[in-house]
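One is the number of the first residue; the rest follow in order along the sequence.
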Amino acid sequence: TTAHIAPLLKVSARHAYYEAIKHIVAKGDKKILWLEQEQSPLSNERYNTLRDFAEMYKLEISRIELCVYNTESILKDEGMKKISDACEKHLETIAEHDVVFCYNDILACGLFKAALKNGYDIPRSFSIIGFDNLSSRFTSPRLSTIDHKMVEMGAKAVNLIMQMSSSGNVNMDEWRSTTEHIEGEFILGESL
């Protein structure tokens with residue numbers, strides 16, 4: 001395991017993915033796609049969680065890595081174009097699926113842009129679900145997403161720091177090995 005200098009705050013998306021899968025099953029969708037910028041430990045963790053629930057409901061699941069690696073450039077103006085262009089290259093395969101789970105909302109917005117440019121109607125052609133709830137209100141139709149509770153994470157981090165500073169007897173090894181979990185939430189938008 002990796003040593004941390006402070007407690008680790010971690011979002012659990014299990015319940016949120018479970019809620020999303022329940023909506024997908026109720027809708028009658030069968031084919032799911034996981035769309036990622038690049039494979040990473042966090043992307044693998046999210047995919048594996050989603051795959052477990054998909055298999056539980058006997059849904060097909062596939063995966064596409066877009067190979068859009070430079071996160072710094074993605075956050076700049078040209079980044080959305082890079083993501084959209086990468087999505088466009090895979091659009092025919094993407095459109096064979098009922099629902100596309102994206103690694104984050106930025107990726108979902110790039111997919112929206114590519115899909116609309118090429119005449120796809122979201123969610124009639126396929127549904128899109130993002131992750132992080134940072135861009136969901138800026139798409140039309142409004143993006144369904146997994147909210148990773150950024151405000152709650154910040155509040156929990158401040159509380160942990162306050163606990164540490166007010167405690168006169170801090171065991172730093174115990175403190176560093178502490179992991180706090182925050183439960184993510186599925187936000188149903190119009191893109192599903």
Side-chain angles (χ1 to χ4, degrees), residues 1-2 4 6-27 29 31-57 59-66 68 71 74-75 79 83 87 94 97-112 122-123 126-161 163 177-192:
T1 62
T2 305
H4 301 283
L8 178 64
L9 296 175
K10 190 169 183 180
V11 175
S12 172
R14 288 193 66 74
H15 181 72
Y17 280 138
Y18 175 71
E19 290 298 317
I21 291 291
K22 283 190 346 187
H23 282 280
I24 290 165
V25 169
K27 221 177 122 188
D29 291 335
K31 292 181 77 177
I32 297 173
L33 175 68
W34 172 252
L35 189 64
E36 61 194 356
Q37 279 174 227
E38 62 182 328
Q39 285 192 26
S40 67
L42 183 56
S43 183
N44 289 335
E45 181 182 315
R46 290 180 189 171
Y47 169 76
N48 290 337
T49 300
L50 186 61
R51 184 200 60 215
D52 291 347
F53 287 124
E55 288 175 355
M56 185 168 68
Y57 284 99
L59 304 175
E60 293 179 42
I61 186 165
S62 353
R63 185 178 195 174
I64 293 178
E65 179 185 3
L66 293 178
V68 182
T71 302
I74 287 170
L75 297 175
I83 291 172
C87 288
I94 291 169
H97 296 82
D98 300 315
V99 181
V100 181
F101 279 86
C102 297
Y103 174 77
N104 57 31
D105 281 4
I106 293 172
L107 204 57
C109 287
L111 178 55
F112 256 110
I122 306 301
F126 56 87
S127 298
I128 301 175
I129 300 173
F131 189 102
D132 65 32
N133 197 23
L134 296 178
S135 307
S136 64
R137 61 193 160 277
F138 303 117
T139 62
S140 181
R142 187 177 175 131
L143 180 64
S144 296
T145 189
I146 306 298
D147 186 349
H148 69 338
K149 303 292 188 175
M150 195 80 128
V151 173
E152 284 182 34
M153 284 180 68
K156 188 165 271 225
V158 168
N159 286 334
L160 288 169
I161 290 167
Q163 284 176 355
S177 66
T178 300
T179 301
E180 295 282 336
H181 292 275
I182 296 165
E183 195 64 49
E185 178 185 1
F186 175 60
I187 307 293
L188 180 61
E190 293 92 28
S191 68
L192 176 61

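Under the side chain to side chain contact (heavy atoms under 4.5 Å, CB included) criterion, D98 pairs with D29, K30, K31, not counting sequence neighbours. Remark: H23 pairs with F186 by the ring-ring contact (aromatic ring centres under 6.0 Å, His included) rule, at least two apart or across chains. Every residue was checked against the ring-ring contact (aromatic ring centres under 6.0 Å, His included) condition with Y57, not counting sequence neighbours, and none meets it. Taking the side chain to side chain donor-acceptor pair (under 3.5 Å) definition, one finds that T139 meets it with nothing, sequence neighbours left out. Among residues two or more places apart in sequence or in another chain, the ring-ring contact (aromatic ring centres under 6.0 Å, His included) test is passed with Y17 by F101.
Between S144 and L188 the shortest side-chain heavy-atom distance falls below 4.5 Å. With a 4.5 Å cut-off on side-chain heavy atoms, F112 and P141 count as touching. Within the 4.5 Å cutoff, side-chain heavy atoms of R14 are placed close to those of F53. Within the 4.5 Å cutoff, side-chain heavy atoms of I21 are placed close to those of I32.
Taken from CG in L33 to CG in L50, the straight-line distance is 10.0 Å, to the nearest 0.5 Å. Taken from CD in E65 to OG in S40, the straight-line distance is 9.0 Å, to the nearest 0.5 Å. From W34, atom CH2 reaches atom CD1 of I64 across 13.0 Å, with rounding to the nearest 0.5 Å. Taking CD1 of I146 as the reference point, atom OG1 of T49 lies at 10.5 Å (rounded to 0.5 Å). With values rounded to the nearest 0.5 angstrom, F131 atom CZ is found 4.0 Å from R46 atom CZ. Rounding to the nearest 0.5 Å places CD of Q39 at 4.0 Å from CZ of R63.
Contacts classified as salt bridge (Lys or Arg N to Asp or Glu O under 4.0 Å) and involving residues 183-192 (residues at least two apart or in different chains) are given here: K149-E185.
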